[in-house]
Amino acid sequence: MPELPEVETVRRGLAPVVSGRRVTALDMRRPDLRFPFPERFAERIVGQEIVSLERRAKYLIAGLSGGEDLVMHLGMTGRFTILQNGRRDTPGDYANAVGPVPAHDHVVLHLSDGTRIVYNDPRRFGFMIMMPHADQSQHPLFRGLGVEPLGSDLTAEYLAGRARGKKANLKAFLMDQRIVAGLGNIYVSEALFRAGLSPNRAARTLADRRGAATERAKRLVPAIQDVLRQAIEAGGSTLRDYRDANGASGAFQDAFAVYDRARHVCPRPGCGGEIRRVVHAGRASFYCPRCQK
DNA sequence: ACTGTACCCTGTAGGC
DNA sequence: TGCCTACAGGGTACAG
C-alpha cells in the first residue's frame with residue numbers, strides 16, 4: 001500500500017516526534033512480522049537516541065546513536081501511530097494497561113518524553129531489521145535499488161539506458177524497484193496516464209536504436225516526479241488502511257485519474273474514453289486506451 | 001537473463 | 001444472514 005508518497009508522509013510526521021528522543025522501552029507482541037525481529041532487538045534499541053529518520057525507496061531508516069540503523073518497511077498495511085500523554089482513541093491504554101490491546105498492534109516504541117510509537121500491521125508484510133549504518137549501501141536490501149525518483153538521478157537518459165532491449169512492458173519496468181525505487185501500483189498507473197503511455201508498451205521503446213532517450217522517456221520523467229510531488233503534498237493516498245503518523249487520511253485518492261477507476265470516463269477533457277483495468281504480473285493496471293499509446 | 005505465477009497474511013466487498 | 005471467492009498500497013522465491 002504505502003508507496004513513496006505515503007512513506008514520506010509518515011516520515012515527516014514521525015521525524016519531529018522521534019528526533020533527539022531516547023528509546024526507553026520496546027514492546028513486542030509477537031516474535032515476528034514478515035521476518036523475525038532482530039536478535040536481542042530490545043537491548044540494541046533501548047537507551048539509544050534516535051538521531052535521524054530518513055527514507056530510501058519505501059524504507060524508513062532510523063539512525064541510532066550507537067551506530068546501528070533500524071530499517072522499517074510498511075508492507076501493504078503497516079502503520080505507525082504517535083500516542084502522546086497516555087491517550088488513545090481506540091480500546092486499550094498502554095500507559096495503564098487497561099482494556100484489550102488493539103488487534104495487530106505488534107510493536108510499541110516508548111520514548112524518553114513519554115511518547116509512544118505504535119506499529120500496527122494486519123497483514124504483517126512489513127518488517128523491522130537492524131544493520132550497521134556503515135553497511136547500509138551494501139546491504140542486500142539496498143544494494144540493488146534503483147534511483148530515487150525525486151532526485152536528480154532520474155533522467156530520460158537513465159530510463160532509456162535501463163530500458164534498452166527490454167521487452168517487458170512499461171508497467172512491470174516501472175514497478176521494478178531496481179529501476180526506480182519507491183514507485184508502486186498506484187503511482188505507476190497515474191504516471192503512465194500523465195505521460196500518455198500505455199502500460200502495455202514495451203519498455204525498450206523508451207530508447208531509440210542508439211540507446212538515446214525517446215520523447216516518451218522525456219515525458220515520463222516529469223510525469224513521475226509531478227505525480228509523486230503532488231501526492232506528497234496531499235499527504236498520500238488512502239484507499240483502505242493508510243494513515244499518517246497522526247492518524248490522518250491522505251487526500252490524493254481524490255485526484256486519481258485512472259487508478260481504481262475501471263469503466264469510468266477518462267478525465268481528460270474531450271477524450272470521452274473509458275478507463276480499462278488489465279493485469280500485469282498479477283497486479284491491476286488502469287489506463288485510458290485513447291490517451292495512452 | 002528474463003518472465004510469469006504462487007505465496008506470505010488478514011480483512012473486506014460483492015455475488016449467490 | 002451467511003458462505004464463498006476475489007482482491008488489496010509489497011516483495012520474494014521459484015519454475016519455465
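Lettering follows sequence order; numbering is per chain, from 1. Both backbone and side-chain heavy atoms feed into the values below; hydrogens, waters and symmetry mates do not.
Going from atom NE2 of A:H106 over to atom P of B:dC8 covers 17 Å, rounded to whole Å. Taking atom CE of A:M76 as the reference point, atom P of B:dT12 lies 15 Å away to the nearest angstrom. One interatomic measurement links the two molecules: CG of A:N200 to P of B:dG4, which rounds to 11 Å at whole-angstrom precision. One can place CD1 of A:I179 at 14 Å from P of C:dG11, the figure rounded to the nearest angstrom. Taking atom CG on A:D241 and atom C1' on B:dC9, their separation rounds to 12 Å, with Å as the unit. Protein atom CD1 of A:I186 is 12 Å distant from nucleotide atom C1' of C:dG10, rounded to whole Å. When rounded to the nearest whole Å, the span between CG of A:D176 and C1' of B:dT3 equals 12 Å. Separating the CZ atom of A:F142 from the P atom of C:dG11 is a distance of 12 Å, rounded to the nearest angstrom.
Using a 4.0 Å heavy-atom distance criterion, A:R277 is classed as a sugar-phosphate-only contact. Contacts of A:R240 with the nucleic acid, taken as non-hydrogen atoms under 4.0 Å apart, include base atoms. Nucleic acid contact class of A:A172 (heavy atoms, under 4.0 Å, all strands): none. Backbone-only engagement by A:G184 is indicated by non-hydrogen atom pairs under 4.0 Å involving sugar-phosphate atoms exclusively. Within 4.0 Å (heavy atoms only), A:F127 reaches no atom of the nucleic acid at all.
Using a 30° and 60° split on the angle between ring planes, A:F35 and A:F127 fall in the tilted class, from 30° to 60°.
For A:K58, a side-chain nitrogen or oxygen approaches OP1 or OP2 of C:dG11 to under 4.0 Å. In terms of phosphate contacts, A:R123 brings no side-chain nitrogen or oxygen within less than 4.0 Å of OP1 or OP2 of C:dG10. For A:R30, no side-chain nitrogen or oxygen approaches OP1 or OP2 of B:dC9 to under 4.0 Å. Look at A:H73 and you won't find any side-chain N or O under 4.0 angstrom from OP1 or OP2 of C:dG10. At the phosphate of C:dG10, neither OP1 nor OP2 sits under 4.0 Å from any side-chain N or O atom of A:Q177. The phosphate of B:dT3 has neither OP1 nor OP2 within less than 4.0 Å of any side-chain N or O from A:H280. Put simply, A:K167 has no side-chain N or O that comes within less than 4.0 Å of OP1 or OP2 on B:dC2.
Comparing C:dC3 with B:dC9, their P atoms sit 23 Å apart, to the nearest whole Å. B:dA1 sits 22 Å from C:dG11 when the P atoms are compared, rounded to a whole Å.
Using N1 to N3 plus N6-O4 or O6-N4 for Watson-Crick, or N1-O2 and O6-N3 for G-U wobble, each under 3.5 Å, C:dC3 pairs with B:dG15.
Using a 4.0 Å cut-off between a side-chain N of Lys or Arg and a carboxylate O of Asp or Glu, A:D32 and A:R34 do not qualify as a salt bridge. Salt bridge present: A:R55 and A:E8 bring a charged side-chain N and a carboxylate O closer than 4.0 Å. A salt bridge links A:E68 with A:R44: the closest approach of a Lys/Arg side-chain nitrogen to an acidic carboxylate oxygen falls below 4.0 angstrom. Comment: A:R263 does not engage A:E274 in a salt bridge, judged by the lack of any side-chain N to carboxylate O separation of less than 4.0 angstrom.
Ring-to-base geometry places A:F125 in a stacked arrangement with C:dG10 (centre distance under 5.5 Å, plane angle under 30°).
DNA chain B is contacted by both A:A103 and A:R34; A:R34 maps to the nucleotide lying nearer its 5′ end (nearest heavy atom per residue). Along DNA chain B, the nucleotide nearest A:R124 and the nucleotide nearest A:A281 are compared for position; the residue whose nucleotide lies closer to the 5' end is A:A281.
Considering all non-hydrogen atoms of both residues, A:L206 and A:A217 come closest at O-CB, 3.5 Å.
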